[in-house]
2 protein chains.
Amino acid sequence: MDVKFNNRDPVYIQVIRHFKEKIATGGYEPGQEIPSRRELANNLKINPNTAQRAYKEMEEEGLIFTEGNLPSRITNDPEVIRNVRKELILEAVHSFVASVQSINVPLEEALHLVKENYQRNKNEQEESL
Amino acid sequence: MDVKFNNRDPVYIQVIRHFKEKIATGGYEPGQEIPSRRELANNLKINPNTAQRAYKEMEEEGLIFTEGNLPSRITNDPEVIRNVRKELILEAVHSFVASVQSINVPLEEALHLVKENYQRNKNEQEESL
DNA sequence: AAATATGTATTAACCTCTTAATACACACCA
DNA sequence: TGGTGTGTATTAAGAGGTTAATACATATTT
């Protein structure tokens with residue numbers, strides 16, 4: 001459990017993002033137990049209320065569920081899990097396309113830059129293992 | 001002069017972004033006069049100080065310059081103008097690649113989605129003319 | 001000289017997010 | 001039975017950033 005926080009976005013938003021990424025990549029199984037609010041707050045050195053805020057939103061989105069006073073769990077609904085990945089990808093694509101089109105970058109140039117950058121990052125990741 | 005504001009980012013940041021896009025696409029010539037702080041504020045229905053904040057940052061970045069108490073002008077330095085486009089593109093590419101890699105989207109899928117989305121947007125833009 | 005428009009500066013109000021301090025109900029376990 | 005660990009809720013305070021209101025100096029124009 002380790003999250004790199006930036007100073008731009010609210011902490012609870014970044015926590016949600018972290019869980020979504022983990023769910024989308026299969027880092028969490030359906031129904032799997034996640035850390036309690038207090039435990040998460042301890043791990044990430046954040047306030048328990050901030051953890052609660054993140055969990056509450058995730059519950060409202062159907063990403064996690066809570067039974068009684070037990071630690072929350074990842075949803076069992078495979079449809080929801082598939083959608084998490086879809087939404088993250090679509091959001092990234094839309095944002096990127098909107099950006100490059102707003103400055104009239106031709107499609108070919110955009111594709112080329114993505115390809116180049118993707119592979120460079122990939123290499124750097126592999127080298128640091 | 002028309003800017004679509006979102007509620008996420010500070011207004012002055014979105015104003016700067018608007019000018020950068022306009023500079024990057026050649027919508028402003030080097031040395032061209034831009035609206036005064038108060039005029040911009042009127043056009044965009046924002047506070048004059050917010051306009052001032054945006055202009056001040058752009059001046060610190062070398063994008064615009066001000067002589068006496070005349071309306072500011074776009075920089076005459078072609079190098080700065082080229083860099084605006086470069087930075088906007090790189091920022092978009094980095095952000096996009098980081099996002100798709102964080103959820104293990106294969107390069108080919110990412111490229112395909114960008115291509116698809118780019119062309120759909122393009123068509124919609126052309127239809128609405 | 002007066003009016004208007006410019007950039008600039010200072011101060012205050014406002015808003016969101018974060019943190020904090022408690023409190024409550026419930027369940028489990030030693 | 002008492003202690004501990006859950007989730008949940010309420011209230012308040014703090015901090016940072018954004019926006020707003022106002023004032024000032026200067027230049028241009030009428």
Side-chain angles (χ1 to χ4, degrees), chain A residues 1-20 23 28-77 80, chain B residues 1-20 23 28 31-76:
Chain A
M1 181 67 59
D2 168 55
V3 180
K4 296 176 191 169
F5 291 115
N6 65 54
N7 300 328
R8 292 188 308 283
D9 307 311
V11 173
Y12 77 93
I13 294 288
Q14 299 182 60
V15 171
I16 295 175
R17 168 85 194 184
H18 170 260
F19 276 91
K20 284 187 176 177
I23 292 174
Y28 275 133
E29 298 295 319
Q32 182 173 344
E33 184 175 287
I34 61 178
S36 77
R37 275 78 166 160
R38 292 175 176 87
E39 189 182 350
L40 180 76
N42 255 327
N43 291 346
L44 303 185
K45 311 299 176 195
I46 63 177
N47 191 278
N49 295 301
T50 305
Q52 160 65 1
R53 171 101 186 247
Y55 276 22
K56 189 179 182 183
E57 290 219 6
M58 286 195 286
E59 186 142 19
E60 285 169 356
E61 289 184 39
L63 262 54
I64 65 176
F65 66 96
T66 311
E67 288 176 334
N69 48 357
L70 295 175
S72 302
R73 295 178 174 279
I74 301 295
T75 179
N76 286 306
D77 187 342
V80 170
Chain B
M1 182 67 58
D2 169 55
V3 179
K4 296 176 190 169
F5 291 114
N6 66 54
N7 300 327
R8 291 188 308 284
D9 306 311
V11 172
Y12 77 94
I13 294 287
Q14 298 181 61
V15 172
I16 294 175
R17 168 88 194 181
H18 170 260
F19 275 91
K20 284 187 176 178
I23 292 174
Y28 274 133
Q32 181 173 346
E33 183 175 287
I34 60 178
S36 76
R37 275 79 166 159
R38 290 175 176 87
E39 189 182 351
L40 181 76
N42 254 329
N43 291 345
L44 304 184
K45 311 299 176 195
I46 62 178
N47 191 279
N49 295 298
T50 305
Q52 159 66 0
R53 172 100 187 245
Y55 276 23
K56 189 178 182 184
E57 290 220 5
M58 287 195 285
E59 186 144 17
E60 286 169 355
E61 290 185 39
L63 262 54
I64 65 176
F65 66 97
T66 312
E67 289 175 336
N69 48 357
L70 294 175
S72 302
R73 295 178 173 278
I74 302 295
T75 178
N76 286 305

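The structure displayed is predicted, hence computed values, not measured ones. Numbered from 1 within each chain, the chains take letters A, B, ... in sequence-line order.
The distance from atom CD of B/Gln14 to atom P of D/dG17 is 17 Å, rounded to the nearest whole Å. Atom pair B/Asp9:CG and D/dT19:C1' shows a separation of 16 Å (rounding to whole Å applied). Here the C1' atom of nucleotide D/dT18 and the CD1 atom of B/Ile46 are 12 Å apart, to the nearest Å. The distance between atom CZ of A/Phe65 and atom P of D/dG7, rounded to the nearest whole Å, is 13 Å. Between B/Arg37 atom CZ and C/dA9 atom P there is a gap of 10 Å when expressed in whole angstrom units. Regarding B/Lys45, its NZ atom lies at a distance of 17 Å from the C1' atom of D/dA20, rounded to whole Å. One can place CG of B/Asn47 at 5 Å from C1' of D/dA20, the figure rounded to the nearest angstrom.
Between the side chain of B/Arg73 and the main chain of B/Gly31, a donor-acceptor pair closer than 3.5 Å is present. Panel note: side chain B/Gln14, backbone B/Asp9; a donor-acceptor pair is recorded below 3.5 Å.
At a cut-off of 3.5 angstrom, counting only N and O atoms as typed in the model, there is a donor on one side and an acceptor on the other between the side-chain of A/Asn69 and the base of D/dT6. A donor-acceptor contact under 3.5 Å is formed by the side chain of B/Asn49 with the base of D/dA21. Side-chain atoms of B/Arg38 come within donor-acceptor range of the base of C/dG7, with a qualifying N/O pair under 3.5 Å.
The shortest distance between the side-chain N/O atoms of A/Thr50 and the OP1/OP2 oxygens of C/dT19 is below 4.0 Å. For B/Ser36, a side-chain nitrogen or oxygen approaches OP1 or OP2 of C/dT6 to under 4.0 Å.
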Verdict with supporting geometry, B/Ile46 and B/Tyr12, side-chain contact (heavy atoms from CB on, under 4.5 Å) | CA-CA 9 Å; B/Ile46 62 178; B/Tyr12 77 94; over 6 Å; no
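Nearest-nucleotide positions on DNA chain C for A/Pro10 and B/Ile34 put B/Ile34 closer to the 5' end.
In this pair, B/Phe19 and B/Tyr28 present their aromatic rings parallel. The plane angle is below 30°, not in the 30 to 60° band.
A/Tyr12 comes within 4.0 angstrom of the backbone, heavy atoms only, and of no base.
The CD atom of B/Glu59 sits 10.5 Å away from the OG1 atom of B/Thr75 when rounded to the nearest 0.5 Å.
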